[in-house]
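All chains are named by letter (A, B, ...) in the order of the sequence lines, taking the proteins before the strands, and each is independently numbered beginning at 1.
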Protein chains: 4
Amino acid sequence: MVNPSRWEARKEQILKAAERIFARKGFPEATISDVAKEAGVSDATIYEYFSSKEELLFSIPGETTRKGKEMLEFHLNYVRGAANKLRSIIYHYLWFYQNHPDYASVAMLILKQNRKFLETEAYQVVREGSRIILRVVEEGIASGEFRQDVNPYLVRSVILGTIEHMVIRWLLHGSPKDLLWAVDPLTDLVIQGIRKASPPPGWNLRISLEPDVCPGGDATDASALAVESNPQHRSSSGEGS
Amino acid sequence: MVNPSRWEARKEQILKAAERIFARKGFPEATISDVAKEAGVSDATIYEYFSSKEELLFSIPGETTRKGKEMLEFHLNYVRGAANKLRSIIYHYLWFYQNHPDYASVAMLILKQNRKFLETEAYQVVREGSRIILRVVEEGIASGEFRQDVNPYLVRSVILGTIEHMVIRWLLHGSPKDLLWAVDPLTDLVIQGIRKASPPPGWNLRISLEPDVCPGGDATDASALAVESNPQHRSSSGEGS
Amino acid sequence: MVNPSRWEARKEQILKAAERIFARKGFPEATISDVAKEAGVSDATIYEYFSSKEELLFSIPGETTRKGKEMLEFHLNYVRGAANKLRSIIYHYLWFYQNHPDYASVAMLILKQNRKFLETEAYQVVREGSRIILRVVEEGIASGEFRQDVNPYLVRSVILGTIEHMVIRWLLHGSPKDLLWAVDPLTDLVIQGIRKASPPPGWNLRISLEPDVCPGGDATDASALAVESNPQHRSSSGEGS
Amino acid sequence: MVNPSRWEARKEQILKAAERIFARKGFPEATISDVAKEAGVSDATIYEYFSSKEELLFSIPGETTRKGKEMLEFHLNYVRGAANKLRSIIYHYLWFYQNHPDYASVAMLILKQNRKFLETEAYQVVREGSRIILRVVEEGIASGEFRQDVNPYLVRSVILGTIEHMVIRWLLHGSPKDLLWAVDPLTDLVIQGIRKASPPPGWNLRISLEPDVCPGGDATDASALAVESNPQHRSSSGEGS
DNA sequence: CATGAATGAGTGTTCATTCAT
DNA sequence: TATGAATGAACACTCATTCAT
């Protein structure tokens, strides 16, 4: 390995080819020859970089996951409040999968159900990533944003489970076209489901105004505010089956 | 097929063997020989009942799913109210997977990500099953239990996604031991997330005021309307990174 | 295996083909395809009968060796006297190799130097075969035909080593054409080398010459030579197992 | 080849590495990489010195054999008498293999049965070495030490065959620990087997002729002693199976 | 009906060898 | 001279599938 950067580049080239091929054909159906052809190298060359077909598969997450986790943590620093952070997390995952469909395929359709992958180092990074959700939920409980009795593990399962379910549908059925439509509805459902059910400050005020506003008035403004703290909007591009 | 009942029994015997083997070893790793041995028949005999290894796999859900769906629908008749029905559904799925781990393995780890399975007749039954959730949610919206703006497809994704996420964790990690602990927390989270915002303590007070404030007005309707008149459509292209 | 005799026949057919191919091309150069073609079956069929290329190789001696050993023991019953028996043994080996050149090739050029073969059950039969020589030599010592100081293990090494050396030369160089020419010379050399030195007819004549030779004081030299030509010193580190 | 001596040193270094590796793993199992690693050079470098893996193998005997042959011939000049020379030869081979086990492995287990090696120049040196035996036997016949009817080729086969048989046993089984124990027994067996059948010393003596024949001579006693002092104890702990 | 026996088709993997640098 | 990098060419082995009995 005289030239490490060249070596890394080649490795990346092979990994990208593998990601594409595995995403397209599935792992058992894809052959090393397919990957080699896609990468523009020989079969044997692949074995210079990866010791087996399976190791090649397990190497795909590697950097991607690490960078993703770092990026997410970086963004979260910009955001205040557990609820807002949950939205960032949901956005992050959906945006990422949307923009890396091949990676999504490999992760959701191949790796997720692979028992051996669980013993992989790469999987540890995935776990760490998913621990962020736990942390944020706990933070929200501590700050009083969320109820004391909320189970962070359940929340994580709800968030990741829903995302994964939608990503898989998107991959297999192609619907919805745009995964990001779900960011707000999902965020809202979850937040609503776990937040401290005391009315947010300001509610009472507005409500007390209503009598004045209602009759013939424009409720829009008032509820607009309410809506902002309480949005359950259904996108016109709903998740049709 | 000299003796139809005997034939069916044999078929079931092979299917059960396949379920066990596929669950244990995964589909590509499992061989027809494995299944044949487990079923106590010869390799060739399997081909008397199923035309290919893949057809054998796709035949596993068949009855199970149909019966499951029927049972679920039967139970739902006992239950009044969309929220209660959602709980029944969640209970049903978790209970079923908990008590049929091999089937859970095949369904969650093998079939769910199989593109070809989507074109299968058996898959149609699965879809029908999942449509029950849509129906119940719509029922809840119509009855006023759930908010008007709730997206039934999202709710379905949340419920099925969470369940599947938990089942997969259970299959791969063995935790939690008892899936059913999640029934109520999950139900509550979802219901809370979608139900018409019944007032937290203190609300009723204000509500009681409304008639005075909005004479002749229907508070419920009003707020429902307010919400409905406040659609916040999100442009799908508005969420740039 | 419904029909064992058919199964055995097939197995034998493959073994014979393997013997021919391995003899002709050597083990590493021979491919399973070669063997399959020679046997008139498919590659896969070979694996129905033998679990690996190596097991196929190690199965070649099997019957042959067992039958050979039995035949040899049968013949030995016809022969009286250890010396005569040794001749029978030498004849047996040379005759056998001469008439089974492919087997000779496999045994001498492939198996003999294979460390793994030593752990094989088939090899045990070979060992038992070679023990016959030990037995006969011991018998000859006990009966007084051979000297007391003869080391049976050395004799065995001489007999088998010479035979193998000649067979290998015969296989590789093609000379001599007829291995059997060596039966009597080798037998005589060995017998002469180990027998109790009873004088052959005519000896005494030559002995009468000695007096003439002695004067002049060469007797010492002569006996020195005699001594040197007859040392049976036991090294403290004998060829113990 | 800028620096010839450096070049030769490198070549020797590679050859020694190859000898070790081939001896340890066998030829087909050993890889060029193994040899390169052992030699501390790169794979490609080996091809600077040897054109192929096989040429590398065939180059191993080269010097060793030539030097061995020279040494043997040198020693033989010190020895008088064909019988004594045969002992020297036997000693030489056994001593050499004993002290060069890796070379012994390569020669006995790999090269000896290689058809292509026979066409090699290196093999010619081996042949020349083995011709020494022929020469000595012929010399012994001519001098009257050995019988007229002795076949030198047979004797060579006996000597080399026995040695090789024992060396192979030693390599594969590890017994006997010390090959050299066999030098004298083997020499004696062979000499006894081919020498002119002069009565063993002491025979005629006892026949009572001698006193008259060698008056005042000590020859009688001496040779008698020689004979009597030649007890042929057979170790009870011979070459265990 | 059931199956023992046979196989065609396919693939991951290895390694001796080459060559630009 | 030395080698890192690349690869062409093979090959053992597997397994879903077929079919005569």
Q: May I have the distance from D:Glu54 (atom CD) to E:dC15 (atom P), rounded to whole angstrom?
A: 17 Å
Q: Measure from the side chain of A:Lys53, starting at C-beta and using heavy atoms only, and say which of E:dG12, E:dA2, E:dA6 lies closest.
A: E:dG12
Q) Whole-Å distance between F:dA6 P and A:Gln13 CD? A) 9 Å
Q: Please state how far atom CZ in D:Phe50 lies from atom C1' in E:dT18, giving the value in whole angstrom units.
A: 18 Å
Q: Would you indicate what D:Tyr49 reaches in the nucleic acid, counting non-hydrogen atoms under 4.0 angstrom: base, sugar-phosphate, or nothing?
A: sugar-phosphate
(Q) Quick check on DNA chain E: between C:Gly40 and B:Val41, whose nearest nucleotide comes earlier from the 5' end? (A) B:Val41
**Q.** Separation of atom CD in A:Glu48 from atom P in E:dT17, rounded to whole Å
**A.** 16 Å
Q.
When you compare the side chains of D:Ser105 and D:Asp102, does any donor N or O come within less than 3.5 Å of an acceptor on the partner?
A. no
(Q) Whole angstroms only, please: what is the CD-P distance between B:Glu29 and F:dT14? (A) 15 Å
Q: Nearest whole angstrom, please: distance from the P of E:dT14 to the NZ of D:Lys25.
A: 13 Å
Q. Okay, side chain of A:Ser59, backbone of A:Glu55: is any donor-acceptor separation there less than 3.5 Å?
A. yes
Q: Remember a base hit wins even if backbone is also touched, and classify B:Ala30 as base, sugar-phosphate or nothing at under 4.0 Å, heavy atoms.
A: sugar-phosphate
Q: Identify the nucleotide, in any strand shown, that forms a Watson-Crick or G-U wobble pair with E:dA16, with both distances under 3.5 Å; if there is none, say none.
A: F:dT7
Q: Look at the side-chain N and O atoms of A:Arg10 and state whether any lies under 4.0 Å from the OP1 or OP2 oxygen of F:dA6.
A: yes
(Q) Please determine whether a side-chain nitrogen of the Lys or Arg among C:Lys16 and C:Glu19 lies less than 4.0 Å from a carboxylate oxygen of the Asp or Glu. (A) yes
Q: State whether B:Arg66 and B:Glu63 are salt-bridged, where the test is any N-O pair (Lys NZ or Arg NE/NH1/NH2 against Asp/Glu carboxylate O) under 4.0 Å.
A: yes
(Q) What is the separation between atom CZ on D:Phe27 and atom P on E:dA16, rounded to the nearest whole Å? (A) 8 Å
Q. Taking the side chain of D:Tyr47 as its heavy atoms from C-beta onward, which of E:dA16, F:dT18, E:dA6 lies nearest to it?
A. E:dA16
Q | Touch class at under 4.0 angstrom, heavy-atom based, for D:Thr31 against every strand present | A | sugar-phosphate
Q. Among side-chain atoms of C:Tyr103 and C:Thr65, is any donor-acceptor pair under 3.5 angstrom?
A. yes
Q.
In this structure, how many angstroms lie between the C1' atom of E:dC15 and the NZ atom of D:Lys37, rounded?
A. 13 Å
Q.
Between D:Ser42 and A:Asp43, which residue's closest nucleotide on DNA chain F lies nearer the 5′ terminus?
A. D:Ser42
Q.
Both A:Ile46 and C:Pro28 contact DNA chain F. Taking the nearest nucleotide for each, which residue is further toward the 5' end?
A. A:Ile46
